[in-house]
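Remarks on the structure that follows.
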Amino acid sequence: MNLFLSFTSLLLVPFDTFAFSESKTTNNYAILTFLIFVITTLIITYFASKKTKNKDSFYAAGGKITGLQNGLAIAGDYMSAASFLGISGLVFFSGFDGLIYSIGFLVGWPIILFLLAEKLKNLGRYTFADATSIRLDQFYIRILSSVGTLLTILLYLIAQMVGAGGLIQTLFGLSYESAVIIIGSLMIIYVSFGGMIATTWVQVIKAILLLFGATILAFMVLKVNDYSISKLFNEATTIHRKGQDILFPGQLIDEPLSAISLGMALIFGTAGLPHILMRFFTVPDARSAKISAAYATGFIGYFYILTFIIGFGAIVLLTNNSNYITTDGGLIGSNNMAAIHLSHAVGGDIFLGFISAVAFATILAVVSGLTLAGASAIGHDLYAYVICRGKTSEKKEIFISKISTIVLGIIAIFLGIIFEGQNVAFMVGMAFAIAASANFPILFLSLYWKNLTSKGAFYGGFIGLLTAAILVILGPIVWVDILGNANPIFPYKYPALFSITAAFISIFLFSKIDKESLSNKHRKLFEKQFYKSYTNIEK
Amino acid sequence: MLIFSIGFSKNKMSETDSQNNFNKLVKYQNLISVSFSALVLLLYFSFIIIVGFKPELFAPMVFNETIPIGIVFGISIIIFSIFLTILYVIISNFFLDNLRKKIEQ
């Protein structure tokens with residue numbers, strides 16, 4: 001416990017000096033609100049660390065989280081600063097197009113509930129690989145799942161870190177590096193000391209704060225417009241330089257096939273995100289797993305409707321106001337600042353401070369969930385099952401997971417600083433594409449297809465993973481925009497349609513030629529797994 | 001619970017009963033899982049396909065010519081998804097749990 005306190009004080013000293021020495025852009029309400037959040041969560045982490053003694057508590061909070069709490073935590077894990085600030089910013093600039101993303105991010109959720117939540121909980125314990133490997137070769141499946149997990153997590157983490165560094169630089173007047181270091185250190189403390197218990201509470205508190213903040217923001221927008229959506233749209237189209245066009249599909253999707261591909265990445269990517277799937281193991285039974293998925297869908301859906309109102313409110317209240325808008329019509333700070341500026345326009349410095357602190361807390365909750373999922377993949381899947389072939393002590397496994405947390409945290413800080421100012425938006429797209437093309441097909445087929453074999457899953461999964469990664473690199477965003485080539489080798493921005501298809505076809509073919517599929521034992525194991533996935537009873 | 005069920009499984013009748021209940025559970029559970037998923041995917045992809053191929057379908061305005069039908073459709077997908085998840089949990093956790101309890105015994 002002394003270790004915990006000294007870590008914490010190490011962190012707070014530089015924070016104080018950074019925070020109060022900076023320029024006039026610093027908002028003291030933001031710092032105050034954020035400090036209250038940090039202190040509260042650190043106290044929770046301190047108590048959580050006393051309870052975090054074994055694998056069950058470290059990875060799955062002892063399975064003692066209720067359906068409502070888990071629904072909030074899932075929402076807290078999933079509603080990133082990118083979706084809050086990014087989508088409201090997109091609505092501010094293009095109107096309707098923001099809705100395409102909102103819906104895509106949401107509809108993955110009912111699919112997770114209908115097809116995965118219950119079976120995942122009945123079969124797995126800590127990571128989704130527990131469920132996928134139950135009747136297959138542990139060695140092969142855990143390698144595939146942990147590579148899929150770590151790639152997804154790292155790409156997502158870098159994108160969060162870079163976004164966070166820039167955002168906090170603007171909001172709190174901190175330097176980019178210190179912002180990244182503060183986030184990385186806090187996340188290491190939460191996860192390594194408090195495990196899943198602390199991570200869950202950080203996410204629950206953040207979800208409540210974000211839902212509360214967004215509700216107030218949307219309410220103020222409606223109030224200004226006499227609680228009339230018609231009036232809001234009318235005012236917005238009058239003042240926006242694109243006029244009526246903001247009410248209709250715009251330039252975001254100029255190419256039909258891209259649209260379908262993006263939709264598939266959003267839905268099936270969500271259903272393959274390791275930090276999200278892991279949350280279903282924190283509740284006591286399948287019943288609460290289903291309840292938590294329904295709560296999560298409700299919170300996330302409500303939240304996305306709010307971001308749409310917030311985006312339109314920003315059009316009405318910010319346009320032509322030189323406090324928020326640059327001379328060429330952009331937002332001061334960055335294009336993600338619509339919701340932040342709006343909070344100032346409707347609630348002054350106090351509300352701006354609150355929303356800024358919520359944005360900071362949001363980032364922390366998301367990166368903590370990511371790091372915990374990454375550490376579990378290293379400790380539980382790679383170390384315990386691949387390296388030790390299931391023969392290791394619980395103590396050692398947790399030790400490895402905690403070390404991995406620290407290492408992942410340091411890597412995230414390091415990469416966050418390296419990628420400062422780079423275009424990292426493609427990394428989230430790539431993370432979703434990989435999750436949709438490797439994690440999701442294996443999980444889905446292992447639950448439902450009796451002929452799936454270990455080699456089929458292994459080779460097919462890797463083909464899906466590589467196809468997704470390579471096509472993103474050869475596509476317009478990386479090959480042309482980042483690497484500066486004239487023409488993309490692969491013409492579409494979003495490869496999911498092709499990489500998911502490649503994954504399913506190759507898993508099918510490799511399973512068919514694998515002799516394992518013919519054995520009696522293989523069939524029996526599936527029957528047992530199938531029975532357990534519906535009833536949680538060993539047959 | 002498990003020990004009991006093994007103990008009783010000598011009784012031929014209860015074993016086939018339990019198997020029948022299990023088959024019923026799988027049937028109903030899959031029916032709602034597959035049909036609800038298909039419904040959500042159908043709505044979402046028709047939205048996406050209209051945006052990509054025929055955006056002019058979203059041009060008409062409704063509610064006294066103030067709100068375009070595309071936005072109404074989009075927001076309705078979100079609200080309908082939430083509604084379906086609630087319905088799914090009610091069916092699965094309240095009605096199908098009776099079957100699960102019978103299988104456990």
Side-chain angles (χ1 to χ4, degrees), chain A residues 67 95-97 99-100 102-104 106-107 109-111 113-115 118 228-231 233-234 244 247-250 252-260 262-264 266-267 286-288 290-291 293-302 304-305 308 448 530-531 534-539, chain B residues 1-2 5 18 21-22 25-26 29-30 32-41 43-45 47-59 61 63-68 70-71 73-75 77-90 92-93 96-97 99-100 103-104:
Chain A
F96 184 93
D97 286 354
L99 197 58
I100 302 172
S102 297
I103 301 171
L106 180 83
V107 288
W109 278 99
I111 304 297
L113 169 64
F114 302 154
L115 299 177
E118 169 171 43
S228 158
I229 295 282
S230 310
K231 187 173 176 211
F233 283 159
N234 193 21
Q244 285 284 329
L247 299 178
F248 307 105
L252 178 74
I253 290 183
D254 40 6
E255 214 281 320
L257 220 54
S258 262
I260 296 168
L262 171 67
M264 288 178 74
L266 292 178
I267 294 184
R287 211 183 143 82
S288 347
K290 283 178 277 185
I291 292 174
Y295 272 121
T297 313
F299 291 133
I300 295 167
Y302 170 67
Y304 281 132
I305 293 175
F308 197 63
Y448 290 99
F530 190 75
Y531 195 80
Y534 282 84
T535 60
N536 199 24
I537 299 170
E538 303 279 354
K539 198 180 183 185
Chain B
M1 204 53 79
L2 200 63
S5 70
S18 151
N21 282 328
F22 177 72
L25 173 70
V26 171
Q29 183 72 61
N30 286 355
I32 53 169
S33 291
V34 172
S35 57
F36 284 19
S37 302
L39 201 55
V40 170
L41 292 177
L43 279 175
Y44 175 63
F45 280 104
F47 177 80
I48 281 287
I49 286 168
I50 292 173
V51 168
F53 288 87
K54 278 219 169 287
E56 60 272 20
L57 284 182
F58 280 162
M61 305 284 273
F63 298 114
N64 288 331
E65 302 278 304
T66 49
I67 302 172
I71 291 179
F73 185 30
I75 300 284
I77 295 177
I78 296 181
I79 295 170
F80 187 68
S81 297
I82 297 172
F83 166 76
L84 269 190
T85 58
I86 297 170
L87 189 64
Y88 177 93
V89 169
I90 291 173
S92 183
N93 275 6
L96 297 182
D97 259 14
L99 274 175
R100 287 195 189 87
I103 297 167
E104 270 176 42

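Every chain is numbered from 1, with letters handed out A, B, ... down the list of sequences.
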Most chain A-contacting option - heavy-atom pairs closer than 4.5 Å, from B/F83, B/F36, B/F47, B/F63
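Among B/F83, B/F36, B/F47, B/F63, the one with the most close pairs to chain A is B/F36.
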What option among B/I79, B/I71, B/V34 has the most heavy-atom pairs under 4.5 Å with chain A?
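The residue among B/I79, B/I71, B/V34 with the greatest pair count is B/I71.
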Quick check: closest heavy atoms across [X] and [Y], and the distance to 0.1 Å?
X      : Y      : answer
B/G74  : A/L99  : CA-CD2, 4.0 Å
A/V107 : B/S81  : CG1-OG, 4.0 Å
B/Y44  : A/G263 : OH-CA, 3.3 Å
A/S230 : B/I67  : OG-CD1, 4.2 Å
A/P249 : B/V51  : CB-CG1, 4.0 Å
A/I267 : B/F45  : CD1-CE1, 4.0 Å

Atom pair [atom1]/[atom2] of [X] and [Y] - distance to nearest 0.5 Å:
X      : Y      : atom1 : atom2 : value
A/L115 : B/S33  : CG    : OG    : 6.0 Å
B/I82  : A/T297 : CD1   : OG1   : 7.5 Å
B/I48  : A/L262 : CD1   : CG    : 6.0 Å
A/Y295 : B/I86  : OH    : CD1   : 9.5 Å

Most heavy-atom pairs under 4.5 angstrom with chain B, which of A/E118, A/M264, A/Q244?
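Heavy-atom pairs under 4.5 Å are most numerous for A/E118.
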In terms of heavy-atom proximity below 4.5 Å to chain B, should [X] be classed as side chain, backbone, both, or neither?
X      : result
A/I300 : neither
A/L247 : both
A/Y531 : both

I want to check something: taking the side chain as every heavy atom from C-beta on, are A/I291 and B/N93 in contact at a cut-off of under 4.5 Å?
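Yes, at least one pair of side-chain atoms sits under 4.5 Å.
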Heavy-atom side-chain proximity of B/F22 to A/T535 below 4.5 angstrom:
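When only atoms from C-beta onward are counted, A/T535 and B/F22 do touch, with a gap below 4.5 Å.
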Whether A/F114 and B/Y88 hold their rings parallel, tilted or perpendicular, with breakpoints at 30° and 60°:
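Tilted, since the angle between the ring planes falls between 30° and 60°.
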Which answer fits B/V26, side chain, backbone, both or neither, if we ask what part of it has an atom under 4.5 Å from a heavy atom of chain A?
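It is both, since atoms from each part get that close.
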Can you tell which part of B/I49 gets under 4.5 Å to a heavy atom of chain A, answering side chain, backbone, both or neither?
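For B/I49, side-chain heavy atoms alone lie under 4.5 Å from chain A.
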Counterpart residues, side-chain hydrogen bond (donor to acceptor under 3.5 Å, both in side chains), relative to A/S228 (two or more places apart)
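Listed in chain order: nothing, the list is empty.
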What residues, two or more places apart in sequence or in another chain, satisfy salt bridge (Lys or Arg N to Asp or Glu O under 4.0 Å) together with A/R287?
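Salt bridge (Lys or Arg N to Asp or Glu O under 4.0 Å) list for A/R287, sorted by chain: B/D97.
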Using distance alone, with no hydrogens and no angle criterion, decide if B/N30 and A/Y534 have a side-chain donor and acceptor under 3.5 Å apart.
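Present: a donor and an acceptor within the cut-off.
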